[in-house]
Structures are given as structure tokens and as C-alpha cells.
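In what follows, chains carry the letters A, B, and so on, assigned in the order in which the sequence lines appear, proteins first and then strands, with residues in each chain numbered from 1.
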Amino acid sequence: MSSPKLEIKDVSKAFDEKVVLENVDLEVNLHDVVCLIGSSGSGKSTLLKCINLLVPIDGGDIVLDGQAITDAGVNPNQVRQRMGIVFQAFNLFPHMKVIDNITLGPRKVHGVGQEEAEETARTLLGQFGLLDKADEYPDRLSGGQQQRVAIVRALAHEPELMLLDEVTSALDPELIAEVLNVIRDLKASGMTMLIATHEMGFARDVADQVCFLDAGRILEQAPPDQLFSEPEQQRTRQFLQRIVEAGRL
Amino acid sequence: MSSPKLEIKDVSKAFDEKVVLENVDLEVNLHDVVCLIGSSGSGKSTLLKCINLLVPIDGGDIVLDGQAITDAGVNPNQVRQRMGIVFQAFNLFPHMKVIDNITLGPRKVHGVGQEEAEETARTLLGQFGLLDKADEYPDRLSGGQQQRVAIVRALAHEPELMLLDEVTSALDPELIAEVLNVIRDLKASGMTMLIATHEMGFARDVADQVCFLDAGRILEQAPPDQLFSEPEQQRTRQFLQRIVEAGRL
Amino acid sequence: MWPRLPPRAREEGSRAALIAAGSTIIVVGLILWIILTSEAWPAVQKQFFSWFHFKESFPDVLRGFWLDVKMFIVAEILILSFALVLAMIRSLRGPAFFPLRAIVVTYIDIIRGIPMLLLILLLGFGVPALQLQGVPTSRLFWGVAALVISYSAYTAEVYRAGIESVHESQRMSARSIGLTQVQALRFVIVPQAIRNVIPALLNGFVSLQKDVALVFVLGVREGLREADIYNARTFNYTSYVVAAVLFLLISVPVARFTDWYTERDRRRRQAMST
Amino acid sequence: MWPRLPPRAREEGSRAALIAAGSTIIVVGLILWIILTSEAWPAVQKQFFSWFHFKESFPDVLRGFWLDVKMFIVAEILILSFALVLAMIRSLRGPAFFPLRAIVVTYIDIIRGIPMLLLILLLGFGVPALQLQGVPTSRLFWGVAALVISYSAYTAEVYRAGIESVHESQRMSARSIGLTQVQALRFVIVPQAIRNVIPALLNGFVSLQKDVALVFVLGVREGLREADIYNARTFNYTSYVVAAVLFLLISVPVARFTDWYTERDRRRRQAMST
Amino acid sequence: GGDDEDSAADTTAAPEETTTTAAPEETTTTAAPEETTTTEAVQACAVENLPLASAGTLTVATGEPVFPPWMGVGDDFFDVPESGTGYEGALVYALAAEMGFSDDQVVFVRTGFDEAIAPGPKDWDFNIQQYSITATRAEVVDFSDPYYTTKQSLVALPGSPVIGATTLADLADTRLGAAIGTTSFDFIEEVIQPNEPASVYDDNVDAIAALVAGQLDGILVDLPTAYFMTAVQIPEQGAEGVIVAQFAIEAAGADDYGMLFAKGNELVPCVNEALGVLAGGGTLQALEDEWLAQGGDVATITE
Ligand SMILES: Nc1ncnc2c1ncn2[C@@H]1O[C@H](COP(=O)(O)OP(=O)(O)OP(=O)(O)O)[C@@H](O)[C@H]1O
Ligand SMILES: Nc1ncnc2c1ncn2[C@@H]1O[C@H](COP(=O)(O)OP(=O)(O)OP(=O)(O)O)[C@@H](O)[C@H]1O
Ligand SMILES: [Mg+2]
Ligand SMILES: [Mg+2]
């Protein structure tokens, strides 16, 4: 494998005095899926937002395809156009119908025509069982429906890299299977993904690498089989044991 | 057992022309935990909101302790004071600190003194691992932290009946174990609960009865062992099979 | 299709509400009764609410009012557009935009502080007096310009309130799909912002409708000026009531329509509770 | 504690922003230059910006301005409270509150449509002329009353914009913990609503500051009226500039302080992006 | 003090300028008027040579509406300046005739206060609506010589505490008001100096409304206006007014009314010349007797 698609080098971030990320190093290779696991508040969402340049970092570098995107002189818009991100809280645009939520980016940023954008959007909506919701407003969807729309919106973008923040958490099990299939398909089509998740089964199933984040630091990174069966760190073992107790592994 | 704590009798609800609940019948006995399962969009959240009188129903009756709370002449505020509800989207009050989010209800509705309310709140926050977040604002919490605050807010209320909408979905596995313990404790202390969830493991673990909702109708209701191992309906079997595929049962 | 029954649970406080409404009506009625039966009422009525003077002054005031309406329409369009540009500039983030933001903030602060009348006098009399080549000397032109300059400053702040009431996560979300700051404002933030402040925008609309009358100091004979002249001529204030009635005939329907429209729009987008 | 470096990624459009700012400054400079070097400028300057007349009129205008400030403070307090009550009533849901809501809507619609001047004349001259027992005849009283009545209607709509900009789910959430409608408004909706419309509320603040001057039609000698008197006596407009400067001395610091304060408050509550 | 002198210099300098600049070219084209002595100044004041706002007509600005007894007197002529009725109305036509205009060469236009005093060129020749001449005003506009000198008087409703006042001291504790921009207002401020500062109104109509509302004890106006006010205006507002007294005291500033011109208007000397002729020939006094001298005894207030 050549140089990684995404490199996070010694990245740190604090909100006011509170350190949320501390010297994080992480590599995501092209076509790989990396899962971020870790307790609530460990910094998973913050890390994803830093990569999308939505939250400025305090130290370190984020490198995409060999280019340091956190350097002065880089246009963050061009960087963001190459990534898709799904937020934990969906953040759909409430004043736009589902279909417009999805086509806004392609139309305004990538200059795709209205019709073409809508066609792509409808195809994707179909895959996620939402075709009949295309002309509905987000506030009138159920939680799971909103989350799926958010995923579609990020995908419509045709990104080189996807950042997914707990995309399966509000989904019912039937849909999880579907979304897993979509993610497997995406992976097969060569999409590089960084996924924050609490679903260990999901991580084990789909990830090439699993990263354990604890209090803003990466404690351990390994292929899922290795990390789940022979964790090196004491803290990781603890975490996994609680999961087993919760009946989730 | 005497008459049920909560009875839902032939309840129907439509948004504009869209039927979301259709002749729903359901009973929740005192001290019981009933889990609502079903696909995304099947009406779980809507049913919980109807019970809390936040969404007016179009037909049928909802009976609490033998009193039809959907009757004209019933003060919905008094009804709501006896229930706690946790929303799928948390809905914390962004302009108030965590501690004030939690104590608002007890202070204003139940007339509890500031100090006493805060003490109770801090005890609960401690149980959910959030003591250090008491003076933080909701927007500065992670998703999981927000969800836990929402649970604490509903509990601070000291309700006779809890309505929980996917409370574990944004939680990390470690916390799920904790929340499960809290719910078990609540159950042990006699709390009656109605829980919408996608976590079959959780449902199996904690529920006295599991209810399968499909497209606004209750297709099947049974104790978890029976429902998960010998479902009567074809549709239920299908649903459960997909869950197994998703590695979630 | 489902038969929709009205919500059946009784809303709390319905009796209190009825009592409040009832007593308001009674109090208002009582005040009216005291006024109408007071000894001096006929004199006051003659001075402020005379049917004769209403009819007499109506044609002149109406003609002047028509000029108001025209000035108003031109001014309002310019104000709504210019103010939006100001508000958007003011909402741009990042140090690069600091100078632009500073210019806009200064503009808004200073202009709002200047009495509209002074601005109208300054532009309407001061600028033409300079006798500059190619600069219009029309009083109407400068009167409307002064209104636009002044109202834009206020309206920009209304827009800004709207923009800031949209949650930060919406901006983040818009940027994440690759929109530029300006695109994010234009397609995501501003449409929500405007919905949020429509009642406040309507305030500006209603009060501009009356403030266009201020150009009368420049000698423009618009509606309120005609009322003024009539008042000075007849010593009767009913002509002002005529002007008020004309204003109401426009502002009330506009307000009712806007409310109805935004409510419909909201219903289409949002879940409604009780 | 972490060392905080400035964000390093360059914001898009920074060059365009600088160019825009630069050219604005150049254009403004050019306009000023043209004006100041125009042949007629000395005459205009003499009549609008004369240092002699500035000093001459300053003491009288300042004395009158002090009365404005006192009226303003009383009026603003009453307006902010009364308008909030109106807006809350207007935001109550359910058919039980319909009559109350209708009264408030009618009040707001009618009052906004009436020119402030007419209202002041009507209350300030009309009511005392009724010679009712126990009803004050003080023109200050009725002038301030008219201001409160009129501004409350506008301000109520600003509050309403704020209330409606708070997402429905917040209301639902507040009701779910057992709060009554009024409690939900008071503790949950209104605090967020006010934060959302502070810039628009400040508009009202700034313009009331100038509109208190309207009570001068009742013969009250406040700041703008003193400027008026000076102008009528000397035919020089500099006295209005004095009034404007006094207004600015209050409104600009208030605006800057409010912005700074709300920004700090926002930072404390919300995640900030770039 | 020094300011006054400046403006005095201005006004005296004006005629000289006119004679030197207006003369050269125009005189060659027009024949000198028949019977007049042919000085340079007189030639410059020939209708053809006047620097008029609109050639061939005398454009006179006045307020809207105009009030008796100044202009438009009589039910049919109310607010009709073209009727030539009222003191100022008749004066305008007499003046125009003296300057060589025929009646139909006189055109009236209406202006507001601010228009009259704003800087810059004007589309009228002069403005006449009881403007008092003061030195400060003369810095930004020009005035003609005075055409009338007023006496201040006090108007009130029956039962007012000012009724029966004979000295200024009797007015010390009363509430007095006047319209803005009038010498009446200055008179209260500078001569009467009551304990409560003078109230000031946009016009006499508002002042009367305040009187009726019980917020004022008396209004100060010039005596001619007082007659009209008590005869017409106050009854129209549903009350009854009386002229309490006139003041036998000189105002601190001048109580002289003059016609108002745009600053530097070269018409001023010609108007002054014509005005001088009217004054000298007794026309002004005749007009005053006809329009302003209302019968009846009015009490006087002294120091
Ligand atoms: N804007 C902010 N200001 C201050 N603190 C913040 C802010 N945003 C996040 N934090 C804090 O940073 C920490 C990490 O938050 P983050 O959202 O990255 O956690 P997470 O790993 O995604 O957790 P979860 O699994 O619960 O979503 C949390 O303790 C949170 O309270
Ligand atoms: N206000 C509304 N207007 C119109 N349709 C609505 C509204 N609220 C909900 N719905 C629709 O009602 C259906 C049921 O929604 P509900 O939120 O109850 O589903 P749910 O079972 O909770 O799903 P999930 O598991 O995804 O949260 C959905 O199809 C949704 O689109
Ligand atoms: Mg997170
Ligand atoms: Mg739901």
C-alpha cells in the first residue's frame, strides 16, 4: 500500500481549558474502513469535525492525500468537497424538503443539474427505503428516517472519504442490516471511511482497523480480531468487558 | 394483578392524511416494563407522545389508573406531572445549565426547594457519570452525555410511569450497562415503564412484555422469551430474522 | 383517510382565559362608555372624529397617500435587499472579513443614531445645495434615499437577529457539504432566518409605511402632509384619522395575510403539538 | 491547560474580502472629498455643521435631552414588560385562549397602523380635553403613555418572532416535564426567544430613544424640540447635529456592549466553528 | 454681539454688489422705462432686468394654509392668497405694481418652513409669512426692510389665571406657550420669563388644543393674529377665547416682519426700493388700517 489517504499527526484540541484531543495520531489507508470506538465524551465526534475542518485544531497536522489540509493557505471549502460527513444529530435543513436537502450540495457546489441531482438522490433514497419521503420535510420524519436522510445527503456528494458519526444508533435492526450492506457496498466500491460507533458487532464486521479512543487519546489501534480478542491495554480490556456485560459483543 | 396502570384502547392517530397509529390496544401493568419494538417509522415515538398528551389523538382512549386522561375536562398538566418522558432527540433546554435543566421541573411544578432539587439532581447525575457536567451547557456535551442528561431530567421528576424513546441508542456500550442497571433498579423499585427501543438484547433482558408495532398497528404482544423464540405472526418472524442477520440478537 | 376529530383533552387554564378575555372586554367597554358619555365628548368628537371633516379631507389625503404608497414600494424593495446584504456581511466569520464587518457595524451604529428627520433634511436640502455635477437634485429622490439608508440599518439588525437564531449546527452542516460561507448563508441560514423574524420584519414594513410621510419636510405633499394642511386650515384633527384609516387599510390585511401564510408554512414543515 | 493557537486554515475569499473593504473605504473617501471640495460646501457646512452654532445650541439641547433620557427610561421599562405580556398571550395555544389572542392581535394591528403622532395628539390633547374626574391631564403622562401603547405593539411582535423561532420540540419538551403553557413560555421559550431577537429589540431601543422626542407636539421641550427652536430662531440646522451626537453617545455604546455581551453568552453556551 | 455686526455688514454690502454686477449687459438690450430717472440702480430694477426665478413673473412663496388677517380674508377668500386680501396679500400686489408687474404676473407658491430656509437656489423670488428679522437668521438668508412691526398679545380662555393681568409679575406663575419660530416665543423667554419655561408648538392650532386641554393658561401671538384666533380658531375647537391684553413693552429682539430671500439674491435692493416708496407714500399705513386695525379696546400689560 502506498502513502495513506488520511493522516492525523499529533493533533490536539482544547475547548477553553478542557483538553478534548491530545496528540492523536491516526492513519487511514485508501479503501480502508477505520472504526473509532470509545466511551461517551472520549472525543470521537470532535475528531471527525476536526478532520472536516469544522473545528479548528490547536496543534498538529491533518494530511489528506499527502497535502496538509490544516495549513494556512488551504481553502477549506475545497477540502470539504472531497469528504462527506454525517453528524450524530443529523442536522438536516428543516426548511427544505428531503430531496432538496440531498441535492443542495451537488447542485450548488458541484454544479450538477437539477434533474440529474434529483435522479441520483432518488436512487439513493430508494436504497435506504425512503423514496416516499422525498417530498416530506425533515421535522415530519421519525428519528431513523432522519438519520438515513443524513447519510444519503453525505453520499450524494460523491465524496472520496466518508466520516460517519454513529450512523446506526437510531436505526432499527432491520435497517442496520441494510445500512451495513450499503457500507459494505461502499467499501467494495473503494470508499475510504472513518466511522465513530458504539456498535462493536458492526465495527468487527466492517472495519479494517479499530481505534480505541480514551479521554482524547488513542490508546490502541489494531485490526478488529486482534483488538477485540487480545487487547493490549488494561483500559481497553476494561471497556470491552463492560460491553460483554451489556450483551453487545 | 389488579387493573392495569396504563391502558391504551383503540387509539388512532393521523397526521393530515397519513395514518400513523391505527386501533392500537395495549396494557401496561403496574411495576411492569413493556418494550415497543418495530421498524423505523412504525409509530413508536408517536405512541409515546400521545400517551404524554403531547400529540392529540384522533380516536380511542388512553386510561391511566382507571381514569381516561384523553377525556375533555382532564387537565393534561396534572397527567404529565405523573409521567416522565425521554425523547429520541433529547430536547434539552440549551439556555440552561445541565443542573437547571434537571431541577426546573421539580422546582416549578412540584415546588421542591432549590437546594433539595439540586441535591437530588446531583445524586442522579453521579449515577450516570455526569457529576462534572452539572454546570456545563447542553450544547457543549457529547451526544451520549446529552442523552444521559435527558434521562436524568425525566427521572428527577419522580414519575409514576416512565416513557423512554430509544434511550440507549447514543450510548456507548459501557454506559448501556450502567443505564440497564439503572432501569433494573427502577424496575426493582416498582417503576412502570414503556420503552421504545431497537435493542433486542436490552428488550429481552429487561422487559416483562414485548410489543411488536408494524405500520401503526400492534401485531403481537407477548413476554420476551415467547415473542423472540416463537413469534406468531409472519411479519414478526421476518423482522426478527433481519435482526439476527444484523447480528443484533 | 382518517376521520379527524378535534383534540379532546381540555387545555389547562381555559376558565382563567375566558375570565381574562371577558374582563378585558368589560374594561374596554367601560372606558369607552365613560368617554362617550362625558360632557366634553361632543367637542372632542368634533375635533378628532367629525364625519363631515372626514369626508371633506378624504380626497386630498387619499391623493397624497397614493404618493406615499409609491414611495413606500420603491423604498421597501431597496431596504429589504440592501439590509440583507448588510446583515450577511455582518454575519461572515473569520479575520479576513473583519474590515468589511467593521464598516457595516459602523454604518449601522451611526445611521441608527441619527434622527431620520435630520438625515432627510441633510440629504434632501444639503446635497442638492452642493450643486454637484450629475447628482440628482430631486427632493423625492433624496427623501427616498434617506429612508432607505436609515431603514436599512434597522432592518439589517432584524435580519441579523434571524441569522443568529439559527443554530450553529446548521451552519456547520452547510459548510460540511462544501458550501462557501456565502452559499451557506444564502441557501441554508437566511431562508430559516427570515422565517424566524417575519413578525419583526413586518414591524419595519408597517412603520416605514408611516415614516415615508417624513419626506414632507422637503415640501413633498404626501398623505400626512395633506392631513396637516387640512388640520392647519380647519383646526380639525379628523384628517389625521383619515390618514390612519388609510394606513390601517393596508397594514392590517398585510399583517393578517402574512400571519396566515407563515402559519401554513410552519404547519407544512413542523410537527404540531396540542 | 492547553496553549491555544489561532485557527490555521485560511478562510476562503479573504482576498475578495480585503478588496471589498478597501474599495468601500476608497469610495467613501472619494465621496467625502468631492463634497468637501465642492464650491457650495462652505454654505452647506455653515448651515449644517457650524462649530459656533454647535456650541451655542449645546446647553439647551443637552437640557432637553436629559428630559428625553428620563422619559425614555420610564417608557422602555414599561414597553419591554407590557410587550412581553402581549407576546406571551399571543403565543398561547388552544381554543380556550382564542378570545384573549384575538384581543391582542386586534390591539397590535390597530395600534401599529395609527401614526404615532396622531396617538400622541389624541391622548395628549383629546383625553385631557374630556375633563374627566381623576384622569391626569399632564402632557408628559399622556405623551409617555402614547409611546408605551404604540411601541408595545411593535415590540410584542419582535418578541413573537423570537418565540416562534424556538423550535416546537422545546415547547413539547417543556410541557412534558409538567410545566403549564405559561410556565413553559416563561422558563423555557422566552429566555431563548429573547436571546434570538436581541438585535431587533435593540432597534426598538435605539429608535424609541429618538421617538420620545415626538411628545414635543404636546409642547414638551425636550432635546429635539430645543434643537427645533434653535433652528427656527437661527435658521441653522447644526442644533440637530448636536441632538444626533447626543443620541449616538448613548446608542453606540449600548449597541457595542450588547453585542459583546450576547457574543460572550453565546460562546459560553455553544460550540463555535471556524 | 460680534455676530450681529457681521450680518449687518452683509446686508449693507448687498446693494453695492448688485449695482455693479447686474448693470452691464442687460441695459443695452432694453430701453429705459419712460418716466423714471435713469440711474443705474433704477435701470437694474426694471422688470426686464430683475434676476427673477422665472422670467417675467414675480413668484411669491408663502405658507400653506395662510391665515387671516395676513392673507386670504373673508369666507370666500380663506387660504386664497391670489385674492389680494389681507395685509400681506394686499402688500404683495401693491409691491408688485410698484415694481412694474401687472397683477397676473404675480404667482403664489406654497412652501414649508424647512424649504424656505434650506440652503441652495430657490424656485421663488421671496417668501412672505410673518418672518421676523434677526441677525442670526440673516446669516443664512436675506431679508427685505421691515414691512410691519408687531405688538405681542396674550390670548386665553375665560377663567384662566392670566385674565386681568396688568404687569409682567402677574404672569410669573402662569403656563404660557407660543408657536415655534415666532418672536412671541422669544418674548416669553426673554421678556416675561415665567417660572415655568415657555411651551412651544408646531403651530397655533396645536397651541390652542393645549389651551383647550387645560395644559396652558395663555398663548402669545402678535395682535393681528390674536383677533383672528379669538374670532375664528378657538371657537372652531369648541371653546371661547379672549384677548387678555397687549404688551406695551419692546421685545429684546426686533419684532419686525420682513420678506425672506435666498442668501445673496440680487432682488433685495429692488424690493426694498419699492417698499420704501410704499412706506413713504403712506400705502403701508393704509393697508395696515384696512386689514390689521381691529376695533375694540385691548388692555395693556406693562413692566
Ligand atoms: N463546544 C464545546 N465546548 C466545550 N466542550 C465541548 C464542546 N464540544 C464537546 N465538548 C466536550 O468534549 C468532549 C468530547 O466530546 P465528543 O462529542 O467528541 O465526544 P464523543 O466521543 O463523540 O462522545 P459520544 O459517544 O457521547 O457522542 C466531551 O466531554 C464534551 O463535553
Ligand atoms: N408531524 C408529523 N407530520 C407528518 N408525519 C409525521 C409527523 N410525525 C411523524 N410522522 C410520520 O409518522 C410515522 C411514525 O413516526 P414515529 O416517529 O412515531 O416513528 P418511530 O416508530 O418512532 O420510528 P423510529 O424508530 O425511526 O424513531 C413516520 O412515517 C413519520 O414520517
Ligand atoms: Mg459523539
Ligand atoms: Mg422514534
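With 3.5 Å as the limit, one finds no donor-acceptor pair spanning the side chains of E:Asn265 and E:Asp142. No donor-acceptor contact under 3.5 angstrom links the side chains of E:Thr62 and E:Gln129, judged on distance only. In the model, D:Arg139 has a side-chain atom that pairs as donor or acceptor with a side-chain atom of E:Ser199 under 3.5 Å. The closest side-chain donor-acceptor pair between E:Glu88 and E:Gln130 falls under 3.5 angstrom.
No part of D:Leu130 comes within reach of chain E, as not one of its non-hydrogen atoms sits under 4.5 angstrom from that chain. With a 4.5 angstrom heavy-atom cutoff, E:Leu260 touches chain D only via side-chain atoms. For E:Ala116, no part lies under 4.5 angstrom from a heavy atom of chain D. With a 4.5 Å cut-off on non-hydrogen atoms, D:Arg233 touches chain E through its backbone and its side chain both. Proximity to chain E (any heavy atom under 4.5 Å) is restricted, for D:Phe48, to the side chain, taken from C-beta onward.
Taking CG of E:Asp222 as the reference point, atom OG1 of E:Thr182 lies at 8.5 Å (rounded to 0.5 Å).
Separation of the D:His53 and D:Tyr230 ring centroids falls under the 6.0 Å cut-off. In this structure, E:Phe67 has its ring center at least 6.0 angstrom away from the ring center of E:Trp70.
Heavy-atom proximity under 4.5 angstrom to chain E picks out nothing from residues 24-35 of chain D. Proximity to chain E at a heavy-atom threshold of 4.5 Å picks out nothing from residues 239-257 of chain D.
Contact of the E:Asp145 side chain with the E:Val271 side chain is not registered, since no non-hydrogen atoms from C-beta on lie closer than 4.5 Å.
With chain D as the partner, the residue from E:Gly214, E:Ala239, E:Ala198, E:Pro197 showing the most heavy-atom pairs under 4.5 Å is E:Ala198. Between chain E and the residues D:Asn236, D:Asp228, D:Val127, the most heavy-atom pairs under 4.5 angstrom are made by D:Asp228. Between chain D and the residues E:Asp203, E:Val141, E:Asp186, the most heavy-atom pairs under 4.5 angstrom are made by E:Asp186.
In this structure, D:Arg221 pairs ionically with E:Glu189, as a charged nitrogen and a carboxylate oxygen lie closer than 4.0 Å. A salt bridge links D:Glu157 and D:Arg160; the closest N-O separation between the charged side-chain nitrogens and carboxylate oxygens is under 4.0 Å.
Among all heavy-atom pairs drawn from D:Ser152 and D:Ala83, the shortest one is O-CB, 3.5 Å.
For the pairing with D:Val212, the side-chain contact (heavy atoms from CB on, under 4.5 Å) check across D:Val144, D:Leu67, D:Leu147 returns one residue only, D:Leu147.
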Quiz prompt | Worked check of side chain to side chain contact (heavy atoms under 4.5 Å, CB included) between E:Phe247 and E:Leu171 | solution = CA-CA 12 Å; E:Phe247 290 86; E:Leu171 299 175; 3.9 Å; yes

